[in-house]
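Below: the structure, in structure tokens.
Any value given below was found using the heavy atoms of this structure, including those in side chains, with hydrogens, waters and symmetry copies removed. Counting starts at 1 for both ligands and their atoms, following the listed order. Bear in mind that the values here come from a model prediction, so they are computed numbers and not experimental data.
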Amino acid sequence: MQSKTFSVVSDPVQAKHILREQNTLYDKGILAEILEPIMGKGLIPADPETWSVRRRAIVPAFHKAWLNHMVGLFGYCNEALIDSLDRASSAGGKIEMEEKFCSVALDIIGLSVFNYEFGSVTKESPVIKAVYSALVEAEHRSMTPAPYWDLPFANELVPRLRKFNDDLKILDDVLTDLIDRAKNSRQVEDIEELEKRDYANVKDPSLLRFLVDMRGADIDNKQLRDDLMTMLIAGHETTAAVLTWALFELTKNPDKMAKVTAEIDSVIGDRAPTYEDIREMKYLRLVVAETLRMYPEPPLLIRRCRTQNDLPKGCGKEATVIRGMDMFISLYNLHRDERFWPQPDEFIPERWETKYRYVNPDVPEWGGYDPDRWMNTNFLYPNEVASDFAYLPFGGGARKCVGDEFATLEATVTLAMVLRRFSFDFDQAKLAETSMSVHEHPKNLEHPVGMKTGATIHTRKGLHMIVKKRDV
Ligand code: HEM
């Protein structure tokens, strides 16, 4: 049997080396192997050649005017969530919020990426079930040591694979149909023209439309399908997770909840937020950032070494990485390391507002956290540059998330709209079985994939809450 070597990286200097400084010496390795059957040559698993072409096409699609317009779309999609919370609050108040956040995130990604109305907050459909099935299978594969899906005849013989392939076909048919329609009504324009669109008067503001209309981007349907599938999967559960954990932490910390609702009440009241409102709701933005620090989703970044190289000493030990070695960059460890983040297991959104650069003389190799590197810029949230790679919720370097701003805006709008109207308490009867229980894992124990424990691990049993209408 072939043996594999892997290393867990929990050091910001080494993470920077792998993700930014020497990123060409690494590829996505096992992650690409697992995701390729679902995402094809989409950005996440793509080989370097495909990646550089598609990344150049996709990044401009997330331009400022579009993101501004998306803020309105997030508000629109949240109306269905508000209605459903309204109904729940009148009917005894019990509600599972993780599922609700997953649904609204799916509705948002459907409309914004390919102008498809999932309507999943209000209904179930075979297409929605197919999306969840693809996600469950992707997750299952990431935790399965042997690629059983590659075995001869597995696709015909293994029932879960048969079901998965059927579901994938349902999704593929929907995507193919949307792509055909977008291509049939193609209106070719230069990128600059596309970026100047008046979105208030654009019938279909989706990313798909942008990618199809872009001059010079005569891509085949399969590549477009892979791009869309990747964004559907990458941009849905990640956002739902940050929303779920933010609500969990705010419910645990009533003083922070009071602070955030006071801000929401004074800035937006009952309006749906605009981009400018989000700029003004600084504390809410810090709540999102702090949630992403404590509960990064994904908790690990995966790379495989292509050429032997030396890792810098950083804040720990020097090491040589040999060809073929799998590297797990543990965001969870980095984000909860007290050398970089004092009181790392405490939810303290205020930490991001320090007046001065925070450095730790015990780790001089780390450049510290410098609030000026994001607060005095156009960035709405702290990032890897401001923290010298000790805070990487969206990764860093060339393969950094393309949806970072989109996702954080989406999370901010959703929290603002929900917390303005409703208050939440844990459903005590369900607390024991919820993933968000206060159950602690033994301290200082290393999880097999590099998660330093000491906090609750999200096990996806949901966030069971009692919801009430707020008296405002
Ligand atoms: C809170 C929400 C999100 C989080 C925490 C998140 C996190 C990440 C992380 C950590 C990476 C880097 C992976 C790596 O280096 O291996 C990544 C990549 C990516 N994300 Fe996100 N993401 C979020 C939302 C989104 C959304 C909304 C979209 C699209 C609409 C998206 C699309 C992508 C794509 C396409 C990549 C691959 C980029 C590349 O390799 O060039 N993500 N994301």
Charged N-O contact under 4.0 Å between Arg186 and Asp213: no
Considering only heavy atoms of Phe406, which atoms of ligand 1 have at least one such atom less than 4.0 Å away? 27 (C)
Are any of the side-chain nitrogens in Asp167 or Lys129 under 4.0 Å away from the carboxylate oxygens of its partner? no
Numbering the atoms of ligand 1 from 1, which are under 4.0 Å from a heavy atom of Ala407? 1 (C), 2 (C), 24 (C)
Name the option, out of Glu405, Met39, Glu410, Arg399, that contains the heavy atom nearest to atom 12 (C) of ligand 1. Arg399
Starting from atom 26 (C) of ligand 1, find the nearest protein heavy-atom neighbour and note its residue, name and distance. Gly235 CA, 3.3 Å
Identity and separation of the nearest protein heavy atom to atom 10 (C) of ligand 1: Pro393 O, 3.3 Å
Once the angle between the rings of Trp245 and Phe248 is folded into 0 to 90°, is it parallel (under 30°), tilted (30 to 60°) or perpendicular (over 60°)? perpendicular
Candidates Trp366, Tyr358, Tyr369 - the one meeting ring-ring contact (aromatic ring centres under 6.0 Å, His included) with Phe340: Trp366
Does a side-chain N-to-carboxylate-O contact under 4.0 Å join Arg339 and Asp337? yes
For Asp198, does the CG atom have more than 12 heavy-atom neighbours from other residues, nucleotides or ligands under 6.0 Å away? yes
Indicate the ring-plane relationship of Tyr391 and His335, choosing parallel, tilted or perpendicular according to the 30° and 60° boundaries. tilted
Which residue supplies the protein heavy atom nearest to atom 23 (C) of ligand 1, what is that atom called, and how far is it? Thr238 OG1, 3.5 Å
Closer than 4.0 angstrom, basic N to acidic O: yes or no for Arg215 and Asp190? yes
Just checking Lys183: does its NZ atom have more than 12 heavy atoms from other residues, nucleotides or ligands closer to it than 6.0 angstrom? yes
Minimum distance, heavy atoms only, to atom 36 (C) of ligand 1: which one of Ile18, Ile44, Leu31 is it? Ile44
For atom 31 (C) of ligand 1, the closest protein heavy atom turns out to be Cys401 SG, 3.8 Å
Nearest protein heavy atom with distance in Å, relative to atom 32 (C) of ligand 1: Ala234 CB, 3.7 Å
Side chain, backbone, both or neither: Ile109 near ligand 1, heavy atoms under 4.0 Å: side chain
Under 4.0 Å from a heavy atom of Lys400: give me the atoms of ligand 1 that qualify, with their elements. 38 (C)
Against ligand 1, does Asp404 come closer than 4.0 Å with any heavy atom? no
Counting only nitrogen or oxygen atoms and a 3.5 angstrom limit, does Arg303 reach ligand 1? yes
Aromatic Phe328 / basic Arg303 pairing, under 6.0 angstrom, 45° off normal: no
Tell me, which protein residue and heavy-atom name are nearest atom 38 (C) of ligand 1, and how many Å apart are they? Arg55 NH1, 3.6 Å
Less than 4.0 Å between a side-chain N and a carboxylate O, is that true for Lys41 and Asp226? no
Hey, which atoms in ligand 1 end up nearer than 4.0 Å to a heavy atom of Gly395? 10 (C)
Report the nearest protein non-hydrogen atom to atom 6 (C) of ligand 1: residue, atom name, distance rounded to 0.1 Å. Phe394 CD2, 3.6 Å
Atom 34 (C) of ligand 1 has as its nearest protein heavy atom Val402 CG2, 3.8 Å
For ligand 1, which atoms, with element, lie under 4.0 Å from some heavy atom of Glu297? 4 (C), 5 (C)
Take every heavy atom of Lys28, measure it against each atom of ligand 1, and state whether any distance is under 4.0 Å. yes
Using distance alone, decide if ligand 1 has a nitrogen or oxygen within less than 3.5 Å of any nitrogen or oxygen in Thr230. no
Is the contact between Leu301 and ligand 1 made by the side chain, the backbone, both, or neither, using heavy atoms and a 4.0 Å cut-off? side chain
Any ion pair linking Lys256 and Glu350 (charged N to carboxylate O, less than 4.0 Å)? yes
Under the 6.0 Å and 45° cation-pi test, does Lys64 pair with Tyr275? yes
